[in-house]
Engineer: 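One structure, pasted below without further comment.
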Amino acid sequence: MPDWPTLAASLAENGVRFAAERALPVAGGDIAAAWRVDSAEGPVFLKTLPVAEAGMLEAECEGLAALADVGAVRVPEVLAQGASEYDAWLALEWLDLQPLGTAAAEKLGTALAALHRSTSNSSTCDRYGWHRDNTIGRTPQPNPWSEDWVGFFREQRLRHQLALAAARGFGGRLARDGQALCERLPRLFSGYAPQASLLHGDLWSGNAGEFGGEPVIYDPAVYYGDRESDLAMTRLFGGYPAEFYSAYRQAWPLDDGYGRREALYQLYHVLNHLNLFGSGYLRQAESLLARLLQASAPRRK
């Protein structure tokens with residue numbers, strides 16, 4: 001529970017004044033606590049964490065700003081972000097979001113393709129990563145700049161999650177097959193060099209909705225990477241309406257090899273769920289690894 005007097009004073013210093021006694025909890029978040037507070041300008045969506053975790057909300061704030069700057073798809077407006085003596089906080093505009101319907105899903109498919117056309121490429125090369133590390137859920141997500149996507153994904157995504165899993169006692173087959181996949185990874189990218197697209201980074205169905213008939217995305221884990229990874233994540237944990245995928249492909253067709261790599265990008269998020277929530281995700285991670293090892297096996301002559 002936040003220390004409401006110091007928290008309210010901190011927000012007031014940043015222009016958000018509200019009556020702490022009228023703060024109402026909002027259900028749905030697994031990481032931060034969420035609240036509806038009524039300010040003089042109207043309702044505000046407030047996220048709070050212990051002050052030691054302020055960096056998570058700072059990175060989320062910067063990620064929302066990066067998505068908003070592109071202007072391809074709506075994200076909640078950041079009103080203010082900061083910390084009191086005890087609590088870190090992020091204040092966003094309140095949107096009465098509804099589940100993503102088919103019409104809004106179609107719009108989102110087109111908008112996501114437009115977002116992905118925002119890249120970090122310079123005159124000489126693509127750069128994958130971001131200007132800062134952030135988190136995927138509560139898990140640290142390292143984003144050092146790299147000109148090598150396969151190397152970036154192997155070291156900063158797969159091996160990072162596999163090391164966390166091993167530290168939590170998930171070794172054995174998972175570690176063995178994970179290491180084998182890391183060694184074979186270039187085979188899944190034969191003939192394919194992805195652009196360094198601006199990614200939402202955590203685009204499962206729970207991080208999108210609609211407001212006034214228009215799609216809205218939120219809770220990002222932003223970085224520059226292969227756009228296929230955003231698409232792969234949308235098929236996990238619920239999925240999106242078919243109209244979303246058809247609209248995306250019409251706006252920007254996918255490479256023929258996407259079907260081989262979809263499981264790879266899903267593996268990152270399943271490993272993260274294994275590390276966050278425990279052994280209930282172990283079988284799914286092992287199954288994805290088995291599929292990927294089969295897909296990347298050397299061809300017999």
Engineer: Please tabulate, for side-chain N and O atoms in residues 45-56, each donor-acceptor pair with protein atoms closer than 3.5 Å (sequence neighbours left out).
Structural biologist:
residue: K47; atom: NZ; partner: E60; partner atom: OE1; Å: 2.9
residue: K47; atom: NZ; partner: E60; partner atom: OE2; Å: 3.0
residue: K47; atom: NZ; partner: D219; partner atom: OD1; Å: 2.9
residue: T48; atom: OG1; partner: W35; partner atom: NE1; Å: 3.1
residue: E53; atom: OE1; partner: R138; partner atom: NH2; Å: 3.2
residue: E53; atom: OE2; partner: R138; partner atom: NE; Å: 2.7
residue: E53; atom: OE2; partner: R138; partner atom: NH2; Å: 3.3

Engineer: Quick one, L274 and R168 - any side-chain contact, counting heavy atoms below 4.5 Å?
Structural biologist: no
Engineer: Can you name the nearest heavy-atom pair linking Y258 to L231, along with the distance?
Structural biologist: OH-C, 3.6 Å
Engineer: Determine which pairs satisfy salt bridge (Lys or Arg N to Asp or Glu O under 4.0 Å) with at least one residue from residues 178-196, sequence neighbours left out, and list them in order.
Structural biologist: none
Engineer: List the steps and the verdict of side-chain contact (heavy atoms from CB on, under 4.5 Å) for L158 and L264.
Structural biologist: CA-CA 9 Å; L158 285 186; L264 173 67; 3.8 Å; yes
Engineer: Specify the closest pair of heavy atoms between L276 and G137, including all atoms of both residues, with the distance to one decimal.
Structural biologist: CD1-CA, 4.3 Å
Engineer: Identify the heavy atoms of N134 and A59 that sit nearest to each other, and give their distance.
Structural biologist: CB-CB, 3.6 Å
Engineer: Report the relative orientation of the aromatic rings in W252 and Y248; use parallel for angles under 30°, tilted for 30 to 60°, perpendicular for over 60°.
Structural biologist: parallel
Engineer: Any idea which heavy atoms bring R132 and N143 closest together, and the distance?
Structural biologist: O-ND2, 3.1 Å
Engineer: Throw together a table of side-chain donor-acceptor distances under 3.5 angstrom for residues 8-17, partners on residues two or more places apart or in other chains.
Structural biologist:
residue: S10; atom: OG; partner: A83; partner atom: O; Å: 3.3
residue: S10; atom: OG; partner: W89; partner atom: NE1; Å: 2.9
residue: N14; atom: ND2; partner: S10; partner atom: O; Å: 2.8

Engineer: Quick one: ring-ring contact (aromatic ring centres under 6.0 Å, His included) partners of F18, sequence neighbours excluded?
Structural biologist: none
Engineer: Ignoring hydrogens and angles, write down the donor-acceptor pairs under 3.5 Å from the side chains of residues 190-201, residues two or more places apart or on other chains.
Structural biologist:
residue: Y192; atom: OH; partner: D226; partner atom: OD1; Å: 2.7
residue: Y192; atom: OH; partner: D226; partner atom: OD2; Å: 3.3
residue: Y192; atom: OH; partner: E228; partner atom: OE2; Å: 3.4
residue: S197; atom: OG; partner: H116; partner atom: O; Å: 2.7
residue: H200; atom: ND1; partner: D202; partner atom: N; Å: 3.0
residue: H200; atom: ND1; partner: L203; partner atom: N; Å: 3.4
residue: H200; atom: NE2; partner: Y218; partner atom: O; Å: 2.6

Engineer: With a 4.5 Å cut-off on side-chain heavy atoms, are Y128 and D148 touching?
Structural biologist: no
Engineer: Given F237 and H273, is the ring-ring contact (aromatic ring centres under 6.0 Å, His included) satisfied, shown in steps?
Structural biologist: CA-CA 11 Å; F237 315 129; H273 275 62; 4.3 Å; yes
Engineer: Could you state the interatomic distance from CZ (R154) to CG (L181), rounded to the nearest 0.5 Å?
Structural biologist: 10.5 Å
Engineer: Without placing hydrogens or testing angles, list every side-chain donor-acceptor pair under 3.5 Å for residues 66-77, not counting sequence neighbours.
Structural biologist:
residue: R74; atom: NH2; partner: E93; partner atom: OE1; Å: 3.2
residue: R74; atom: NH2; partner: E93; partner atom: OE2; Å: 3.3

Engineer: Kindly state whether the ring of Y265 and the ring of F153 have centres lying under 6.0 angstrom apart.
Structural biologist: yes
Engineer: Is Q179 close to R159 at the side-chain level, that is, under 4.5 Å between some pair of heavy atoms?
Structural biologist: yes
Engineer: For T139 and N275, test the side chains for any donor-to-acceptor distance below 3.5 angstrom and give the result as yes or no.
Structural biologist: no
